Chemist: 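Questions regarding the structure given below will be posed in turn.
All values derive from a computational prediction rather than experimental measurement. Protein chains get the first letters and strands the later ones, always in sequence-line order, with residue 1 at the start of each.
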Amino acid sequence: MPALRAFAVCRQISTLSTINLNKTINSFIANGNLKEARKLFDQSPHLRNVVSWNSIIAGYFRYRCIQQAEYLFDGMPHRDVVSWNTMLSGYRNANNPEKVYNCFLHMNRHGDKPNELTFAVAISSFLHKDFKHLVPQLHGLVLSLGISLNVFVGSALMRGYIDVDDYKGLARVFDEILVKDVTPWNVLILGYMKFGCTSEAQRAFDMMPTRNAFTWSTLINGYIENKKLNEARSLFDKMSEKDVVSWTAMIRGYVQYGDFMEALKLFKVMLSSGARPNHFTFSTVLDACAGNSAVLVGNQVHACILKSGFPLDVVLLTSLVDMYAKCGVIDIAFCIFESIPERNLVAWNSIIGGYARHGLPERAMQEFERMVKSGIRPDEITFINLVYACGHGGLVEEGERIFNSMVTDYGLKAEMEHYACMVDLYGKAGLLEKAEKLIEGMPFKPDVVVWGALLGACGLHSCLELGEIAANGIYTLENDHPAVYSVLSKIYGDKGVDSDITGLEKLMKNWRARKQKAGSWIESPSSISITV
DNA sequence: GTAGGGTTAG
């Protein structure tokens, strides 16, 4: 008997120590001291259990040491479902759905049964990815394994069905969740809004038992997405506790629909209400300044950011570059660009776009070369900017070279915008036949922008025949386009043709053509001043 | 005692 008691005591001691070991490991990890945690782990082979292994692996993932995590996982003597979930979650946070997928398969082949969490992690990592089509299959697996749809799996599944545009799937999963908290309701609103069903979303909002900040922001954002800015605003005004997300979403709404002045006004209201803007807010407000060419306000926002002590990250600095460039202060834009320590693709696109808009194709090309040299791979937007720059500088051959290089050297597909820029480039240079041929050879039907570029060029060079083709092209797509009338009448005037003879006069009246609003770089006296 | 769902950015 004493031996048995001793064994029991020993076991108790060892269990206690294991708990202590794991506690210590976790506190090391929480303090970022991964090395100490690992040292302790290595020194205690007799005490450590599967929890210790799981903790260390999670720690490696937390500090992005994925290879070490994998190495440890492969060498584990015994794995439980948490070990697998830790791996899946790590891969998910590393934004690697392929590894999540493989790990999930591996787990099943290994004979380890997934639990609710496994599915919640797997499904959420497939959202907005090529793997999203697995969502209905995962749903089937959940059902066949008899796993209950808790709020985590349920919410993730609902998002999955939104992602694959399955309205019925979304509603079905919502009904299948037996005990719902606020999140499935929020996701339901999100889904209804994504599917354009604003009244269903509103009804869900009215029906739900409790609401939180997410609920309000989701509904406001949904209205904005569905172009119902007034509904969004009246809801926003009703919010008793507006948080930074709802402020930003509302301001962003105005920016999206071009009402930059209202966006800036709302930002001022936000500041006077005592709410504190964050990175998202500043970035959005800088967008508003850029859209409004409001460099004075932009300066104030810049000062506001500096005063608030926010660290200037790449995103914020890029917003500043964009704002200064769009407000016509390209030199300051360039200075800020130069101050960005780690420039990413968007930052480079911003400065290249800035030079493009300023009609400085050589500078745009220089920055492009620097970008490539620094190892950043250009994308479609880079090339839109470059071709646009060439068009503004009259560099036809250079533009052609860039356009071709995009496809042959970088494997990118020429999209509508690239063709529009090329048509503009040819058109401005008076090479109307080339422009026409390019449109004919396009792999898709031209849109208003392409036709518009052609029409503009025809106006510039008084080409009646092609101008009418372009105008008709626009008419078939949008029978209410303001710019058509003025360009066509210019061509008729240049050619001395009585527009009534062509029979287009009647057509043009139907277009209810309006004069386009003119923009100015000079700030209006009513511009807003921002004070902190 | 390890793993988890929903809103805003260039």
Chemist: In whole angstrom, what separates A:I251's CD1 from B:dG10's P?
Modeler: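 So the CD1-P distance, A:I251 to B:dG10, works out to 13 Å.
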Chemist: Describe the nucleic acid contact of A:N349 in one word from base, sugar-phosphate, nothing, applying a heavy-atom distance below 4.0 Å.
Modeler: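 Counting heavy atoms under 4.0 Å across all strands, no contact is made by A:N349.
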Chemist: Contact class for A:N26 vs. all strands (heavy atom < 4.0 Å): base, sugar-phosphate, or nothing?
Modeler: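 Here A:N26 touches the backbone only, sparing every base.
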Chemist: By nearest atom, which of the nucleotides B:dG4, B:dG10, B:dA3 is closest to the A:V315 side chain?
Modeler: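 Side chain of A:V315 sits closest to B:dG10.
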Chemist: Remember a base hit wins even if backbone is also touched, and classify A:V187 as base, sugar-phosphate or nothing at under 4.0 Å, heavy atoms.
Modeler: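 Sugar-phosphate, no base atom in range.
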Chemist: A:F152 CZ to B:dG6 P: how many Å, rounded?
Modeler: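 Atom-to-atom, A:F152 to B:dG6, this comes out as 10 Å.
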Chemist: Atom CG of A:L157 and atom C1' of B:dG4: how far apart are they, to the nearest Å?
Modeler: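 Whole-Å distance recorded here is 13 Å.
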Chemist: Identify whether NZ of Lys or CZ of Arg in A:R38 sits under 6.0 Å from the centre of the six-membered ring of A:F28 and within 45° of that ring's axis.
Modeler: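 Relative to the ring axis of A:F28, which defines the angle, A:R38 lies outside at least one limit.
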Chemist: Looking at the side chain of A:L190, which of B:dG6, B:dA3, B:dT8 is the nearest nucleotide?
Modeler: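 Of the options given, the side chain of A:L190 lies nearest B:dG6.
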Chemist: Can you tell me if A:R252 touches the phosphate of B:dG10, counting only side-chain N or O atoms and a distance under 4.0 Å to OP1 or OP2?
Modeler: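 Indeed, a polar side-chain atom of A:R252 lies that close.
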Chemist: So, does the side chain of A:N212 form a donor-acceptor pair with the base of B:dG6 at under 3.5 Å?
Modeler: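 Per atom types, the contact qualifies.
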Chemist: So among A:F131, A:F119, A:W84, which one has a ring pair (Phe, Tyr, Trp, His ring centres under 6.0 Å) with A:F104?
Modeler: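 Going through the options one by one, the only one that passes is A:F119.
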Chemist: Quick one: do the A:Y101 and A:N96 side chains pair a donor with an acceptor below 3.5 Å?
Modeler: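 Note: A:Y101 and A:N96 side chains miss the donor-acceptor criterion.
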Chemist: In whole Å, I'd like the distance from the OH atom of A:Y192 to the P atom of B:dG6.
Modeler: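 It is 19 Å, rounded to the nearest whole Å.
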Chemist: Ring centroids only, cut at 6.0 angstrom: are A:H133 and A:F126 within range, meaning strictly under it?
Modeler: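 No.
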Chemist: Tell me: CG of A:L72 to C1' of B:dA3, nearest whole Å?
Modeler: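 Rounded to the whole Å, the gap is 16 Å.
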Chemist: So A:V121, base contact, sugar-phosphate only, or nothing? Heavy-atom distance under 4.0 Å.
Modeler: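 Touches sugar-phosphate only.
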Chemist: Rounding to a whole Å, what distance do you find between A:F337:CZ and B:dG10:P?
Modeler: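 About 18 Å, once rounded to whole Å.
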Chemist: Tell me what A:V50 touches on the nucleic acid: a base, only sugar-phosphate, or nothing, going by heavy atoms under 4.0 Å.
Modeler: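 No contact at all - A:V50 keeps every heavy atom at 4.0 Å or more from the nucleic acid.
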Chemist: Between A:F383 and A:Y388, does the ring centre distance come in under 6.0 Å?
Modeler: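 When the ring centroids of A:F383 and A:Y388 are compared, they turn out to be at least 6.0 Å apart.
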Chemist: I want to check one thing: is the phosphate of B:dT7, taken as OP1 and OP2, less than 4.0 Å away from some side-chain N or O of A:R159?
Modeler: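 For A:R159, the contact criterion (side-chain N or O under 4.0 Å from OP1 or OP2 of B:dT7) is met.
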Chemist: Does the aromatic ring of A:F214 sit over the six-membered base ring of B:dT7, closer than 5.5 Å centre to centre and tilted less than 30°?
Modeler: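 According to the criterion (under 5.5 Å, under 30°), no, A:F214 does not stack.
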Chemist: If you check every side-chain atom of A:I19, which of B:dG1, B:dA3, B:dT8 has the closest atom?
Modeler: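 Closest of the options to the side chain of A:I19: B:dG1.
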Chemist: Check the distance between B:dG1's P and A:L47's CG and give it to me in whole angstrom.
Modeler: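 Between P of B:dG1 and CG of A:L47: 14 Å.
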Chemist: Indicate, with a heavy-atom threshold strictly under 4.0 Å, whether A:V314 touches base, sugar-phosphate, or nothing.
Modeler: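 Base: the residue A:V314, judged by heavy atoms under 4.0 Å, touches a nucleobase.
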Chemist: Starting the side chain at C-beta, find the nucleotide from B:dG10, B:dA3, B:dG1 nearest to A:N115.
Modeler: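 From the listed options, B:dA3 comes nearest.
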Chemist: Can you find an N or O donor on one side and an acceptor on the other, under 3.5 Å apart, linking the side chain of A:S55 with the base of B:dT2?
Modeler: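 No.
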Chemist: On the ring face of A:F236, is A:K242 found with NZ or CZ under 6.0 Å from the centre and within 45° of the axis?
Modeler: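 Judged by the rule (NZ or CZ under 6.0 Å from the ring centre, within 45° of its axis), A:K242 counts as positioned above A:F236.
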Chemist: Regarding A:D287, tell me which of base, sugar-phosphate or nothing describes its non-hydrogen contacts under 4.0 Å with the strands shown.
Modeler: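 Result for A:D287 = sugar-phosphate.
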Chemist: B:dG4, OP1 or OP2 - any side-chain N/O from A:S89 closer than 4.0 Å?
Modeler: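 True: A:S89 side-chain N/O within range (under 4.0 Å) of B:dG4 OP1/OP2.
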Chemist: Does B:dT8 have OP1 or OP2 sitting under 4.0 Å from an N or O in the side chain of A:N221?
Modeler: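 Yes, within the criterion.
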Chemist: Could you give the CZ-to-P distance, from A:F73 to B:dT2, as a whole number of Å?
Modeler: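 Rounded to whole Å, this separation is 18 Å.
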